[in-house]
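Okay, structure first, notes after.
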Amino acid sequence: MPDDLDETAGAEAALRRGLAEARDGNPNDAVRYLRVGLTLVRERPDRVAEPDRVAHDLLVALSELAYPADPALADRLLGEAARAWPASPRPLVVLARRAGDPEAVRRLFTAALARVEPVRLPRFLDEEREAAIEVREGNVILEVLLRHGLSAPLHDTAMSAWSARHRPPA
């Protein structure tokens, strides 16, 4: 267990710390925290308010860190995440980002949108708009978002940012 995280901190604290380490570019530390969190939530689910959701979030984060270095492991972890919390759109979003075929991206992302609870849709749209700018097939994701509620001015801004990031070399 990492020195700055004890058993009383819990799985959710390990998740937050693992995600922070991943954002800061420390994948090895991120994996260490996420694995500890997964162990804690599996061994003591009674100490977590939503153990299925937390296990799901930990598994998705581990899957994203494993890809593309180990696609088989990433897929296995993503499958476990989908089984841990079947109602979540996140595994489908991750698969959409990994799909190379625009039609597959469109189908997966549309299916993910169908799973988003209406109360969470505005936040989901904002988060996915930002994330789409970073991925190669983000233009397809942005088009799906536009059809499902992303406002046109936000879409235009995001598409411009995506185009600038993914412009072919001159």
Side-chain angles (χ1 to χ4, degrees), residues 5 9-24 30 33-42 44-67 74-99 102-162 165:
L5 188 69
E12 291 170 307
L15 173 62
R16 284 190 302 275
R17 185 61 191 268
L19 293 174
E21 292 293 341
R23 274 191 308 274
D24 291 344
Y33 282 105
L34 295 169
R35 283 183 179 164
V36 166
L38 194 56
T39 299
L40 291 172
V41 77
R42 286 179 171 168
R44 299 299 306 265
D46 56 312
R47 291 188 177 182
V48 181
E50 296 177 272
D52 294 340
R53 181 194 57 80
V54 173
H56 163 274
D57 292 350
L58 289 158
L59 288 160
V60 168
L62 285 165
S63 174
E64 290 184 307
L65 288 165
Y67 188 85
D75 287 347
R76 185 178 62 76
L77 291 165
L78 201 55
E80 284 184 52
R83 285 186 295 280
W85 193 28
S88 173
R90 191 63 49 204
L92 292 170
V93 169
V94 171
L95 288 174
R97 288 188 191 142
R98 292 179 189 168
E103 189 52 39
V105 173
R106 198 171 284 111
R107 283 193 316 268
L108 287 163
F109 204 82
T110 300
L113 273 168
R115 291 184 177 188
V116 178
E117 298 171 31
V119 70
R120 296 178 190 226
L121 188 60
R123 181 175 176 192
F124 179 84
L125 293 172
D126 288 343
E127 290 171 355
E128 293 310 317
R129 181 188 73 240
E130 293 299 318
I133 293 168
E134 302 298 322
V135 296
R136 183 173 43 90
E137 298 294 343
N139 60 329
V140 178
I141 292 171
L142 290 169
E143 290 301 326
V144 172
L145 289 173
L146 178 62
R147 279 185 289 160
H148 290 88
L150 180 66
S151 71
L154 287 175
H155 172 268
D156 294 344
T157 302
M159 190 58 85
S160 295
W162 179 86
R165 179 165 284 248

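- Within the 4.5 Å cutoff, side-chain heavy atoms of E12 are placed close to those of R53.
- Minimum heavy-atom separation, P118 to P122: O-CD, 3.8 Å.
- Taking L92 as the reference, L108, A111, A112, R115 meet the side-chain contact (heavy atoms from CB on, under 4.5 Å) condition, with sequence neighbours excluded.
- Scored by the side-chain hydrogen bond (donor to acceptor under 3.5 Å, both in side chains) test, D75 finds R98 as partners (sequence neighbours excluded).
- Taking the side chain as every heavy atom from C-beta outward, L40 and R47 never approach each other to under 4.5 Å.
- Atom CG of D24 is separated from atom CZ of R17 by 8.5 Å, given to the nearest 0.5 angstrom.
- Using a cutoff of 4.0 Å between basic side-chain nitrogens and carboxylate oxygens, E143 and R147 are not scored as salt-bridged.
- A pairwise comparison of heavy atoms in A84 and A55 identifies CB-CB, 4.5 Å as the closest pair.
- With a 4.5 Å cut-off on side-chain heavy atoms, L15 and L34 count as touching.
- Closest heavy-atom contact between D52 and W85: O-CB, 4.0 Å.
- Scanning both residues, F109 and A96, for their nearest heavy atoms gives N-CB, 3.9 Å.
- The two residues V116 and P89 make their nearest non-hydrogen contact at CG2-CG, 3.8 Å.
- For the side-chain contact (heavy atoms from CB on, under 4.5 Å) criterion with L59, the lone passing option out of L77, V54, V41 is L77.
- Using a 4.5 Å cut-off on side-chain heavy atoms (C-beta onward), L19 and Y33 make no contact.
- The salt bridge (Lys or Arg N to Asp or Glu O under 4.0 Å) check on R76 picks up E80, with sequence neighbours excluded.
- Using a 4.5 Å heavy-atom threshold, the side chains of V93 and F124 count as touching.
- Taking 4.5 Å as the limit, some side-chain heavy atom of R97 sits within range of a side-chain heavy atom of E128.
- Residues R120 and R123 form no side-chain contact, since every pair of their non-hydrogen atoms from C-beta on lies 4.5 Å or further apart.
- Contact annotation: the side chain of H56 approaches that of V60 to within less than 4.5 Å [non-hydrogen atoms, C-beta and beyond].
- A distance of 10.0 Å separates CG in L145 from CG in D126, rounded to the nearest 0.5 Å.
- For the atom pair OG of S63 and CG of L78, the computed distance is 4.5 Å after rounding to the nearest 0.5 Å.
- Note that CD1 of I141 is 10.5 Å distant from CZ of R136, once rounded to the nearest 0.5 Å.
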